[in-house]
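Only heavy atoms go into these numbers, but all of them, side chains included; no hydrogens, no water, no symmetry mates. What you see is a predicted model; the values in this text were computed from it and never measured.
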Amino acid sequence: MEKGNAAIGEQPTLAMGTNGNLYPELDEFLDILKPLIREPSVVGNEDSFFRALRRELEEVGVEVNYYHGILVAQGHDPHSLILSAHIDRHGLLCTGPKEFQYAAFIAGNQGEIMGDSVSEHMLHTIENRFQGQRVQAHLPYTGTYLGQGEITRSYICPERKNLIFEVDGLDFLQPGTPVSFLDRLQIADGLISAQLDNVLSAAILIYLFRLGFQGTALFTAQEESGRSWRYTLSWFQRQQLTTQRLVVLDTSPYGTREDASAQLITLRHRDANGSFSEEMTQELVNHCQNLGLTYGFKDEYIADQNKIRTKPFPLGRTELGRLVVATNGAINGTTLQIPTTEYHTSSETASLASIAGIIQLLKEYI
């Protein structure tokens, strides 16, 4: 795996912030992240979260436009760099009397995400992680709170090929009601934990605009069900625009904290669909090296791990890769990811050092 020149985890010396063992520059960022984590955004039911985002962005003074499935924020130099982050999170959907399914994998979504999907691959890994998890139900569009319950059992139904949940306390819900995980940000030992995928990236983009970013940020819906790239593509087509400078922010799962901590920043040369922009990827590598930020390539990590696995792990099909294929490379760029553990749970964990590193890198574009 390729690394930067700095020692692992090495960062400029910074004083402790008000939240404890933090970099001071993360205090304001964490103040953005904490309330966003509490906003529901179950895949396919992101409307109320979009409104929360719009409020935060309009307070900064950037131009904000909302289209079907995508919120677009732009500064005074919108084409200088286009950043993107999906804002949907995993949760449940009531699909019948006392019946709850994993929202991203209901039958209507499976055709979009099956095949080399990391989420699909990990379904069996995470099926037993939810017992005792508190959840809360919301009205689909407004996000109005309806009540709380607790997951008592989760299992994979072989016929429906989906996670089925038994939930105590929400028997009154009607089909179509989204149910989100009850989530709060936890901070300890230089790490943060919550359902970070991908509200973490959304908060980084808001913070970046507060710092003076003048490019474009795309906030997309339904990435977990494989649809977000369609909304992004529609926006580019609407603008009659192509680019090789699209950077997609996300979290990136690792099996152990040791593996996640082997780099501050995760990059990719490619996904299962094809190659990303070599020029844009190298630009991020150059910034990492100049700033002394360690980095690793996820595709190389997966290839190395598959040499010792009995069942190969998929390279994954990302939002960017689907855009590259759909446009024959007319829209391309690269990914910029934060290494995490406990992927797709309410205890997904990232290091504060990685978050500070990502922000430090992105400040090069201000």
Quick one: closest heavy-atom pair of [X] and [Y], and the distance?
X      : Y      : result
Ala217 : Leu205 : CB-CD1, 4.0 Å
Asn162 : Ile106 : ND2-N, 3.5 Å
Thr266 : Lys298 : CG2-CB, 3.6 Å
Thr335 : Arg268 : OG1-CB, 3.4 Å
Gly296 : Gln263 : N-CB, 3.6 Å

Drop me the distance from Gln222's CD to Arg227's CZ, to the nearest 0.5 angstrom. 5.5 Å
Could you state the interatomic distance from CD (Glu364) to CD1 (Ile359), rounded to the nearest 0.5 Å?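 Between atom CD of Glu364 and atom CD1 of Ile359 there are 13.5 Å.
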If we only count heavy atoms from C-beta on, is the Tyr102 to Ile164 side-chain gap below 4.5 Å? no
Is there a side-chain contact between Val199 and Ile87 (heavy atoms, below 4.5 Å)?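 No, every pair of side-chain atoms sits at 4.5 Å or beyond.
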Side-chain donor-acceptor pairs of residues 63-75 under 3.5 Å, sequence neighbours excluded:
residue, atom, partner, partner atom, Å
Glu63, OE2, Asn65, ND2, 3.1
Gln74, NE2, Thr216, OG1, 3.1

Carboxylate-amine/guanidinium proximity below 4.0 Å for [X] and [Y]:
X      : Y      : answer
Arg210 : Glu56  : yes
Asp304 : Lys307 : yes
Glu283 : Arg245 : yes

Is the cationic atom of Arg160 (NZ for Lys, CZ for Arg) positioned less than 6.0 Å from the six-membered ring centroid of Phe105 and within 45 degrees of its normal? no
Would Ile206 and Glu59 count as a side-chain contact (heavy atoms from CB on, under 4.5 Å) if you check the C-alpha gap in whole Å, the side-chain angles of each, and the deciding distance to 0.1 Å? CA-CA 10 Å; Ile206 293 172; Glu59 287 181 0; over 6 Å; no
Which label fits Phe297 and His269: parallel for a plane angle under 30°, tilted from 30 to 60°, or perpendicular past 60°?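 Because their plane-to-plane angle is under 30°, the rings of Phe297 and His269 count as parallel.
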Table please: side-chain donor-acceptor pairs of residues 346-353 below 3.5 Å, with sequence neighbours left out.
residue, atom, partner, partner atom, Å
Ser347, OG, Thr345, OG1, 3.2
Glu348, OE1, Asp197, N, 3.0
Glu348, OE2, Thr251, OG1, 3.1
Glu348, OE2, Thr340, OG1, 2.6
Thr349, OG1, Ser193, OG, 2.8
Thr349, OG1, Ser347, O, 2.9
Ser351, OG, Ser354, N, 3.0
Ser351, OG, Ser354, OG, 2.9

Among Leu320, Asn198, Thr318, exactly one meets side-chain contact (heavy atoms from CB on, under 4.5 Å) together with Asp250. Which residue is that? Asn198
